[in-house]
Structure formats: structure tokens, C-alpha cells
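Working notes, beginning with the structure itself.
Keep in mind that what you see is a predicted model, and the values were worked out from it rather than measured. For ligands, and for the atoms within them, numbers begin at 1 and follow the listed sequence.
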Amino acid sequence: MRVTPCQAALAGAIGLNLLLLYCAWRGPGGSPPSCRPPRGVPGITVLLRDFEDFENDLAGTARSFASLPVPVLVVAETAPYPPVPLPAEVGLLPLRPAADRPPPLAHPELHIRTRHVALVPDGTRAVPGLLERMRDALEGGGAASNVRLVAAPVGSAPLQCLELRLEPREWTARYGDGAPGVCRAVEGTAVLLLRTRDLFALPFPLARPVPTALFIQAAFRGWGLRVMPAAFPAARRPPVSPHGRWKAENLAETRRRRLMRDLGIKLEVLADGQERWYGCGKETVRCFGTVHARTPEYILAGRWTPPCCLRALRETARHVTGVLEAAGVRYWLEGGSLLGAARLGDIIPWDYDVDLGIYQEDVGKCRWLAAAAAGEPVEDAEGFLWEKAAEGDFYRVHYSRSNRLHVDLWPFYPRGGVMTKDTWLGHPQDVEFPESFLRPRVPMLFAGFTAMAPNNARAFLELKFGPGAIENPEYPNPAIKRLEQD
Ligand code: ZN
Ligand code: MG
């Protein structure tokens with residue numbers, strides 16, 4: 001019997017459908033690995049993910065690529081609303097789980113059968129053969145290059161190649177100018193092509209904004225990015241209304257914040273030096289919860305103090321020392337803060353508060369401290385909250401009422417030439433010391449300003465923390481976690 005190519009293709013398609021039906025029937029978790037086509041069928045599926053529900057070009061973009069023809073899938077939380085007149089062959093992949101449906105991404109191969117996917121921004125027009133050339137650029141690089149992403153510009157502006165360095169311990173992503181050929185990210189509107197299995201091996205495969213989400217996850221994995229010179233045309237579209245632009249910008253900002261939270265990034269430093277902060281601020285809560293056993297949760301997670309928290313701590317410390325100095329309250333850097341000042345002139349990069357000692361008899365000289373001593377927490381003119389600590393006989397100045405990053409003020413009084421106090425919390429630095437360390441106090445660089453410190457900081461610190469305290473950094477509670485474990 002002779003089989004025409006058409007019949008062969010039909011038989012193949014039926015076979016694949018039966019296989020996929022079988023996979024679906026086995027249900028999530030039940031399918032053996034052999035059930036998943038390991039590499040998919042040759043071809044490229046276009047995913048339309050980055051678009052707005054309003055004033056979009058979804059129908060035009062989908063139609064343009066569907067006519068190539070390639071499979072086109074609209075990927076969205078739910079079906080676009082108001083409905084978009086999509087060509088019949090364009091599918092929809094709703095991402096929001098629904099109780100009566102299988103989990104949306106448990107089996108991506110049920111939706112995307114091709115080996116490659118292209119993430120196409122709204123308002124792009126297809127060019128015959130260009131997706132295939134992108135795929136060839138991806139697969140032709142050789143294994144050594146580790147190119148896993150290919151980008152092609154949309155419109156007439158070329159893509160700018162960027163370097164992207166991740167500092168997960170510091171919650172930071174740093175962009176820089178990339179040398180051509182070693183891009184980690186691009187600036188500009190782009191179509192992004194990659195292997196389907198690479199995309200769905202990512203923890204956030206379809207997070208938005210798609211380019212940022214992919215570049216950062218790719219950089220974590222050391223994936224290379226190749227930039228194509230050839231461009232896709234941008235659609236001629238009516239200008240977006242001012243209200244639409246405003247809505248789009250707000251949504252973009254919300255998405256970006258959510259993405260950075262998911263990716264664990266609180267600071268982006270752009271190639272031009274501009275900074276974008278995503279962590280805590282004066283109006284938000286602190287990034288980490290109550291500290292137990294002197295070990296904040298981020299240390300257990302292998303990270304250091306979030307940059308937003310360091311910034312807020314520096315600002316609070318500068319404010320508090322300024323107020324104390326103006327009021328004539330004698331204070332000095334204590335504990336871990338003095339250690340940080342001696343070691344690097346700053347807060348220790350994993351510290352979670354700032355500690356100052358004060359002369360108890362000076363408390364009444366500062367109106368905020370006096371008010372706190374009387375029992376009522378009081379917010380000063382700049383929004384810092386002064387209070388007497390519930391944990392003992394000391395004071396706490398919080399960054400704000402909602403953000404409880406704080407400076408602790410430990411009142412000491414002299415007795416027979418020795419500085420002592422009434423509350424002892426059992427910390428290693430919690431010991432009496434000769435008052436001579438404070439006669440005189442000396443200025444010391446700390447957290448971007450000059451603070452007062454005991455004279456002979458080294459002797460003071462070795463008295464409190466033991467010999468070699470400055471040279472040998474250690475986490476606050478080595479019994480819980482040691483620095484060398486990281
Ligand atoms: Zn923070
Ligand atoms: Mg401390």
C-alpha cells in the first residue's frame with residue numbers, strides 16, 4: 001500500500017494526539033517520563049504574553065504570526081476581557097488555576113508541542129523565516145557557548161546589549177554595558193526565542209515582564225544570549241490614550257515589584273547608575289520578621305541584610321546620633337555597630353540593627369528620649385518612633401511606625417570608674433567596661449557619617465567579643481549558623 005505524504009502527516013498528527021490524550025488521562029504526576037515527548041516536535045510556537053487587556057494589538061499580532069503559519073498561543077491569567085477577535089487557530093493558555101481544571105502548567109507539552117518557543121511582544125509583525133533564523137542561531141552556537149536565548153529587535157531601534165550580574169546574597173541585580181557577543185540582557189523591545197524545555201525548567205517561566213523575568217533567571221543559570229541584527233517590524237497602531245498609558249505604567253510597576261519579590265531582588269542598579277528599589281520603605285513593614293536567637297531569617301536563607309534595610313538603618317542611625325548630639329546626650333557606638341565601624345566603617349553587611357550606648361543621666365536632655373522614658377512611644381517630626389523597649393531597660397528608635405528597623409540605645413552609668421547598667425540580655429558584648437574608654441569619646445566613620453566611639457576601639461571590642469574580633473568576622477550567633485557555612 002502506498003502512503004501519500006499527506007496521509008503520513010495525518011497519521012503522525014493522530015498518533016501525537018493519542019499520546020497526549022494518554023498523558024492527560026494518566027493525570028498529573030501519574031505519567032511516566034517516556035510519556036513526555038523529550039524534545040517536542042520541530043517547530044516554533046509563538047507565545048503572546050506581554051500585552052494589556054485594553055488598547056492592545058493582540059488580534060493583529062496573533063493574525064500576523066498565525067499566517068506564517070506557526071502555532072500561536074495567547075498566554076494570560078484568564079481569557080482577555082473584553083474579548084479579542086482572535087483567529088480560530090490561535091489557542092489560549094489560561095494561567096490562573098481553576099478548581100475544576102488540571103493545573104495549567106503541570107504538563108506544558110499538552111499546550112506547546114514544538115521544540116522551540118518565541119515570546120513575542122504585543123504589536124509585533126511577523127517576518128517569514130526570521131523565527132527559523134533565530135532558532136538556527138540558537139542551535140548553531142555549539143555546546144561550549146551555552147547560548148540559550150536569542151533576541152531580535154522589534155521596530156527600527158537596535159537592541160542594546162547589557163551585562164547582568166546577580167548578587168543574590170545582597171539581593172541585587174547589576175546591569176552594565178555588555179560587550180557584543182556576551183550579552184546577558186537587552187534593552188529595547190525584543191522577540192525572545194528559546195528551547196521549550198529550557199523555558200519550562202525555569203521556576204517562573206511565564207512571569208511578567210517577560211524579558212526581565214527571563215534575563216534574570218537566565219543569568220542565575222549562566223545562560224548566554226545572542227542578539228540578531230534582523231528586526232521584526234512594529235505594528236502601525238493608533239497612539240495609546242493618556243489614560244491607557246497611565247494604566248499601563250501602573251500595571252507595569254506592580255508587575256515589576258511582584259517579579260522582583262519572586263526573584264528575591266530588592267535593588268536593581270541600571271547601566272547608567274540609576275537605582276530601582278523594591279524592598280521596604282518608610283511606609284512599609286520591615287523586610288524580615290522578629291529576630292530569634294540573634295539570627296534573622298535571611299541569614300538562615302544564605303543571604304545578608306537586604307539593601308533597603310541597610311539603607312533605612314543608616315538613615316535612622318544618622319538621624320538618632322544627630323538628635324543626641326544636638327541635645328548633648330553622650331552616646332557611643334556599641335557592640336556590632338562599633339565592630340562594623342572598626343572593620344569597614346559601616347554597618348556589618350548581615351547586621352539587623354544599630355547599637356549605641358548612652359549615659360543614663362543624659363536621657364532627660366533629649367525630649368524624645370524623655371517622652372519615651374515616661375512610657376509613651378512618640379513619633380518625632382521626621383517620623384522616627386522613639387520608645388522604651390518592652391524587653392528591658394533600654395530605648396529603641398524605629399525607622400517609622402510601620403517599619404521597625406531600629407537603633408537600640410543602651411543606658412549605662414558609671415560606678416567606681418566602671419560603666420554598668422541594670423538590664424543584661426546575655427549577649428557576648430553585654431559586659432561592663434572601664435569608663436576611661438569614654439574619656440574622651442572619639443569620632444569614627446560609620447554608615448556614611450561620623451559617629452562618636454570609645455577611644456581605643458580595638459581594646460574595647462576585644463574586651464567585649466574576645467581577641468581577634470575585628471579580624472575574624474562571624475555571624476551574630478555562631479551556635480545557630482557560622483559564617484564559614486555560607
Ligand atoms: Zn528592607
Ligand atoms: Mg546589634
Aromatic contact between Tyr298 and Trp304, with the criterion being ring centroids under 6.0 Å apart: yes or no? no
How about Cys161 and Cys183, are their SG atoms within less than 2.5 Å of each other? yes
So, Arg318 side chain and Gly448 main chain: donor-acceptor pair closer than 3.5 Å or not? yes
Think Lys247 forms a cation-pi with Phe54, using NZ or CZ under 6.0 Å from the six-ring centre and within 45 degrees of its axis? yes
Determine, step by step, whether Tyr395 and Trp368 satisfy the ring-ring contact (aromatic ring centres under 6.0 Å, His included) criterion, reporting the C-alpha distance in whole Å, the side-chain angles of both residues, the deciding distance to 0.1 Å, and the verdict. CA-CA 10 Å; Tyr395 301 90; Trp368 308 115; over 10 Å; no
Any donor-acceptor pair under 3.5 Å from Asp351 side chain to Ile347 backbone: no
Under 2.8 Å from the Zn ion (ligand 1) - protein N/O/S, by chain and number: Cys280 SG, Cys287 SG, Cys308 SG, Cys309 SG
Before we go on, tell me: are the rings of Phe433 and Phe412 under 6.0 Å apart, centre to centre? yes
Looking at Asp362 and Arg330, would you say the former's side chain and the latter's main chain have a donor-acceptor pair under 3.5 Å? yes
Tell me the protein N, O or S atoms under 2.8 Å from the Mg ion (ligand 2), in chain and number order. Asp353 OD1, Asp355 OD2
Would Glu325 and Tyr331 satisfy side chain to side chain donor-acceptor pair (under 3.5 Å), going step by step from the backbone distance to the final call? CA-CA 8 Å; Glu325 274 163 26; Tyr331 76 89; 2.5 Å; yes
